[in-house]
Protein chains: 2
Amino acid sequence: MRSAPADETTRDRILSAAVLRFAREGFGASVRSIAGDAGVSPALVIHHFGTKDELHAECDERVLAEIRATKSATIDEITSGQGILHRFANADEYAPMLGYVLRSLQSGGPVGRAFIEQMIEDAVGYTKHGIEAGLIKPSRDERARARYLVLSALGALTLELSLDPSRDPRDIGGTVRSFLATGYLPMIELYTQGVFTTRRMLDDYLLYVPDPPDDAAAEPASD
Amino acid sequence: MRSAPADETTRDRILSAAVLRFAREGFGASVRSIAGDAGVSPALVIHHFGTKDELHAECDERVLAEIRATKSATIDEITSGQGILHRFANADEYAPMLGYVLRSLQSGGPVGRAFIEQMIEDAVGYTKHGIEAGLIKPSRDERARARYLVLSALGALTLELSLDPSRDPRDIGGTVRSFLATGYLPMIELYTQGVFTTRRMLDDYLLYVPDPPDDAAAEPASD
DNA sequence: ACCCTGACTGAACACGTGTTTAGCATTGAA
DNA sequence: TTCAATGCTAAACACGTGTTCAGTCAGGGT
């Protein structure tokens, strides 16, 4: 009975409903609402997952797995430059997944953290590729730059998302597009020409700080 | 009795406790915990403010007023360049205020929105000043750039804040400093020299989009 | 046939929430 | 003094939450 595939349908239906609810309303979404979406009693949710937290954890795992899957599918879609955000814009099919990630980002959950870490890793690869192709300038600290680029882009996006109250959170692709409509020009303008006319601030900082770290000492305390 | 100044003490103590709690734990903080902090019964909180939402609203007003006050106090502190974040770094006295703002930012509250709007306004002024002084390059859309710079900086900060679980949220100044320790170099590096070696992406976009808006059409639908 | 196991439910429980109510204490005005 | 009003509290209420419990139903193994 355990190994029969039909049994997993209900469990999976609950899981999917939970991911959707969590993505739309955040992790405060009630077990009852999830059960309602799955057409099931609240007790069954607990019966299958034991606890709301365990359900949450399993949703995290599922989303992470899905991310890993779609990542390798779209990795050769880009490989050019900084089109990180554009991948999101016309990705309405991934909308609930992205919503889940942003929720996890806001609440400091493990999915958000893993997602950020992975995007940084990707960005390091992209920039390295771009440098070799002569399209991107090398940085004094590649990892720190990749991290900053990811944090600023994703951070601006989350802010845009939570600041626009009119748009309902379901339509994340729309928010991304709306953000790009206003933010893409200044972004690539900044990326191609910067904002400062002089190197003074940069040189001052480089003088002030003795050692530009060489890829390892970038983060003071992590893995 | 209404006009007596001594009466406002307790009310104000509750308000201060609420701002602190909201800043630390978000707006889900319970009325009971706030009352406890103020050394007061939960019923009194409701007696003075009518409703938790009204208390929330009054906290918003107080923080906004405080921001407006400290703004005019520190406006001549900067006036140089992009040291927006540095103002936060050594501002431990404003820490609860900043925490409150970040919470409001995450929840899409009016304080966060007003704060962003004001920072954009400030950034427009700063960049204009910097352009006249020859320190900052002009942009094709000053307002959009100011908005992007503010959103990316503040967004990266909020992400950093919610992603670092070890650090307790009380110590916001520490998080800001930790963020600057890793993020300042790539930020000013980006600001002084960009990341792209060619103008291709920018020119492509400028060709693709017919009209660069002239300061008014930047935001599609707002006040 | 039996029965046991697991999916599944309705009802309840325990708890935390915001809020209300009744009443006490103090204080200034009459 | 007497009255009214306000600051303030303890207790309770109504409600939503996650979770538990007792029990029903179906299905496959013996």
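Naming convention: chains lettered A, B, ... in sequence-line order (proteins, then strands); numbering from 1 in each chain.
- Side-chain N/O atoms of A:T10 include one lying less than 4.0 angstrom from OP1 or OP2 on C:dC8.
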Base-contact (B) and sugar-phosphate-only (S) positions in nucleotides 14-21 of chain C, heavy-atom cut-off under 4.0 Å, - elsewhere: ---BBBB-

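- Summarising the geometry, the separation between CZ on A:R13 and P on C:dA7 is reported as 14 Å, rounded to the nearest angstrom.
- With sequence neighbours excluded, the residues satisfying side-chain hydrogen bond (donor to acceptor under 3.5 Å, both in side chains) with A:E121 are A:R143.
- Counting to the nearest Å, the C1' atom of C:dA11 and the CG atom of A:L44 are 16 Å from each other.
- Remark: A:H48 is in phosphate contact with C:dC8, judged by side-chain N or O atoms under 4.0 Å from OP1 or OP2.
- In summary, A:R62 and A:D12 engage in a salt bridge, as defined by a charged side-chain N under 4.0 Å from a carboxylate O.
- A:E25 meets the salt bridge (Lys or Arg N to Asp or Glu O under 4.0 Å) test with A:R21; sequence neighbours excluded.
- Screening residues 28-47 of chain B for ring pair (Phe, Tyr, Trp, His ring centres under 6.0 Å) gives no qualifying pairs among residues at least two apart or on separate chains.
- Judged as a side-chain hydrogen bond (donor to acceptor under 3.5 Å, both in side chains), and not counting sequence neighbours, the contacts of B:S30 are B:S33.
- Residues passing the side-chain hydrogen bond (donor to acceptor under 3.5 Å, both in side chains) test with A:S41, sequence neighbours excluded: none.
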